[in-house]
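Worksheet: the structure to be examined is printed underneath.
Computation of the quantities below employed the complete heavy-atom set of this structure, encompassing side-chain atoms and omitting hydrogens, waters and symmetry-equivalent molecules.
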Amino acid sequence: MPKTSDELIAIDVRNQVLLERLKVGEHKKFAPYLKRIERDVRIRMSDEGETIATKKALNVLLTDVQRIQKEIYDEYILQLTGDLGDIAIQQSTFEAKSYEKVVVDFESKIPAPAQVLAAVRINPMQISNYAGDPLVEPFIRDWSKKETARVTSTIQQGFYQGQTNQQIVTAIRGTKANNFKDGILDISNRSAKTTVRTVVQHASVQARMVTMKANDDLIQEYEWVSTLDSKTSLICQSLDGRRFKIGKGPLPPQHPNERSTISSVLNERFDFLDEGAKRASKGAKGGAQVSADQTYYSWLKTQPKAFQDAAIGPTRSKLLRNGGLSSEEFARLSLNKNFQPLTLKEFEKVAPLAFEKAGI
């Protein structure tokens with residue numbers, strides 16, 4: 001059976017840690033654009049005087065505010081998509097060079113930048129239940145439209161509630177007493193953080209997948225690698241450690257703020273490679289290092305009951321502890337054929353004996 005080199009997993013986990021830091025920096029780049037939106041909308045609102053006089057004046061104002069925001073968001077989207085391209089090219093090179101670190105005398109192939117950028121742009125994100133175009137650029141633009149509408153709706157609502165323009169501006173920007181965390185634009189900022197984190201993960205995974213395909217003499221499968229902590233989603237808990245043929249399985253991001261990554265599975269002729277690498281974990285045991293081949297549920301079984309309850313809920317944690325299922329069986333039975341999480345009722349239908357044994 002083909003294997004995932006422990007060293008490759010360790011390299012990929014370290015890369016994901018660095019990618020999480022990069023996401024933080026990428027989100028910070030949004031701050032000056034948000035400040036411009038606040039300033040320009042406030043200046044335009046001041047042109048109306050103390051209140052918005054008529055519905056006609058309101059409609060003109062809304063059109064102007066929408067245009068102001070669109071121009072600024074368009075600039076930001078241009079900067080963000082450019083950064084995504086740079087990230088993708090770097091991640092493609094990283095993936096290729098990681099092969100050379102674990103396989104002596106192997107000369108990896110690095111896909112052309114145009115091929116990498118095309119994969120990021122034209123391969124859809126696999127976000128569950130997303131009501132929209134899952135391609136990366138429409139995904140970003142859909143976010144900007146929602147945030148633009150959030151501001152214009154606040155202005156419209158304020159007008160019909162008889163608020164002064166100062167009250168409307170305060171609702172948009174927030175109050176100094178609360179460090180401006182109580183305004184509409186703070187919601188936009190948090191939404192930007194989620195969007196940035198999600199599209200950066202998409203760029204990374206797509207770039208690395210293209211590189212795996214380019215090196216199919218060495219790589220024919222990939223393994224899903226989830227973060228080991230209590231924040232990991234049910235779908236990522238259940239996918240952790242599962243392997244898929246290149247181009248045939250699910251990919252991160254499966255949901256916004258995705259932190260899961262993938263790791264290449266080496267051709268079986270490289271089974272002689274050394275083992276023993278570690279992957280990082282977070283949670284009740286203080287970030288201990290665990291074996292690179294330990295999956296989420298096998299790791300969770302070693303955690304205290306209270307931590308298990310917090311991670312997957314008291315019913316599922318009882319089933320994991322007392323249902324007589326192996327970690328692999330628990331993971332497999334937690335998802336349907338489309339890799340979507342089963343409800344507890346659906347889970348019970350496919351594993352009634354486990355529920356009976358656990359006393360649920």
Side-chain donor/acceptor of [X] to backbone N/O of [Y], under 3.5 Å:
X	Y	value
E221	V265	no
D133	L135	yes
S238	I235	no
Q308	Q303	yes
T164	T51	no
N165	G49	yes
N336	F339	yes
Q237	T232	yes
T148	Q69	no

Gap separating the [atom1] atom of [X] from the [atom2] atom of [Y], nearest 0.5 angstrom:
X	Y	atom1	atom2	result
I168	I184	CD1	CD1	12.0 Å
T63	L58	OG1	CG	9.0 Å
E329	L320	CD	CG	11.5 Å
T295	W299	OG1	CH2	11.0 Å
N215	L266	CG	CG	11.0 Å
I187	R150	CD1	CZ	5.0 Å

Any Lys/Arg nitrogen of [X] or [Y] sitting under 4.0 Å from an Asp/Glu carboxylate oxygen of the other?
X	Y	result
K146	D142	yes
E328	R332	no
R141	E137	no
K35	E38	no

Open item on the list: Using side-chain contact (heavy atoms from CB on, under 4.5 Å), reason through L19 and R259 one step at a time and then give a plain yes or no.
Closed with: CA-CA 9 Å; L19 198 67; R259 298 174 298 157; over 6 Å; no
Tell me whether [X] at atom [atom1] has more than 12 heavy atoms from other residues, nucleotides or ligands lying less than 6.0 Å away.
X	atom1	answer
E50	CD	no
K145	NZ	no
E356	CD	no
K109	NZ	yes

Which heavy-atom pair separates [X] from [Y] by the least distance, and what is that distance?
X	Y	result
T194	P256	CG2-CB, 3.5 Å
I11	S98	CG2-CB, 4.0 Å
M125	P253	SD-CG, 4.2 Å
L333	L342	O-CD1, 2.9 Å
H202	N123	CE1-O, 3.1 Å
P252	E258	CB-CG, 3.6 Å

Task: Derivation of the side-chain contact (heavy atoms from CB on, under 4.5 Å) call for I246 and D216 - done: CA-CA 9 Å; I246 302 297; D216 59 2; over 6 Å; no
Just by distance, no angles: are the side chains of [X] and [Y] close enough, under 3.5 Å, to form a donor-acceptor pair?
X	Y	result
Q254	S260	no
Q16	Q201	yes
Q340	N129	no
Q66	T152	no
S188	E147	yes
S92	T211	yes
E95	S264	yes
R316	S334	no

Open item on the list: Quick one, F139 and T195 - any side-chain contact, counting heavy atoms below 4.5 Å?
Closed with: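 Contact flag for F139/T195 side chains = yes.
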Open item on the list: Do V205 and Q91 have side chains that approach each other closer than 4.5 Å (heavy atoms only, starting at C-beta)?
Closed with: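 In short, these two side chains do not touch, never coming nearer than 4.5 Å.
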Task: Passing option when K318 is tested against D309, I312, I360 for side chain to side chain contact (heavy atoms under 4.5 Å, CB included) - done: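 Option passing the side chain to side chain contact (heavy atoms under 4.5 Å, CB included) with K318: I360.
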TODO: Report the residues that fulfil side-chain contact (heavy atoms from CB on, under 4.5 Å) with A57, sequence neighbours left out, ordered by chain and then residue number.
DONE: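 side-chain contact (heavy atoms from CB on, under 4.5 Å) list for A57, sorted by chain: E48, I52, T54.
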Task: Evaluation steps, ring pair (Phe, Tyr, Trp, His ring centres under 6.0 Å), between Y296 and F330 - done: CA-CA 11 Å; Y296 188 90; F330 190 90; 10.0 Å; no
Cluster check [X], [Y]: I/L/V/M/F/W/Y, side chain < 4.5 angstrom:
X	Y	answer
V200	L117	no
L239	Y222	yes
L34	I155	yes

TODO: Run through R197, Q79, K193 and flag the one making a side chain to side chain donor-acceptor pair (under 3.5 Å) with E26.
DONE: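 Result for side chain to side chain donor-acceptor pair (under 3.5 Å) with E26: Q79.
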TODO: May I have the step-by-step check of ring pair (Phe, Tyr, Trp, His ring centres under 6.0 Å) for Y73 and W143, ending in yes or no?
DONE: CA-CA 10 Å; Y73 274 115; W143 158 73; 5.4 Å; yes
Open item on the list: Pair R44, D40 - check salt bridge (charged side-chain N to carboxylate O under 4.0 Å, His left out), show working.
Closed with: CA-CA 6 Å; R44 177 60 186 86; D40 291 358; over 6 Å; no
- [ ] For the pair R208 and D12, evaluate side-chain contact (heavy atoms from CB on, under 4.5 Å) and give the outcome as yes or no after the intermediate values.
- [x] CA-CA 10 Å; R208 294 176 57 213; D12 293 334; 3.1 Å; yes
- [ ] Report the C-alpha distance between E346 and K349 in whole Å, list the side-chain angles of each, state the deciding distance to 0.1 Å, and finish with yes or no for salt bridge (charged side-chain N to carboxylate O under 4.0 Å, His left out).
- [x] CA-CA 5 Å; E346 291 170 335; K349 286 183 180 179; over 6 Å; no
- [ ] With D83 as reference, evaluate K23, K28, K29 under the salt bridge (charged side-chain N to carboxylate O under 4.0 Å, His left out) test and give the passing residue.
- [x]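 Of K23, K28, K29, salt bridge (charged side-chain N to carboxylate O under 4.0 Å, His left out) with D83 is met by K29 alone.
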- [ ] Classify the angle between the aromatic ring planes of Y99 and F106 as parallel (below 30°), tilted (30 to 60°) or perpendicular (above 60°).
- [x]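 Answer is perpendicular, since the angle exceeds 60°.
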- [ ] Walk me through it: do I262 and V225 pass the test side-chain contact (heavy atoms from CB on, under 4.5 Å)?
- [x] CA-CA 5 Å; I262 54 175; V225 181; over 6 Å; no
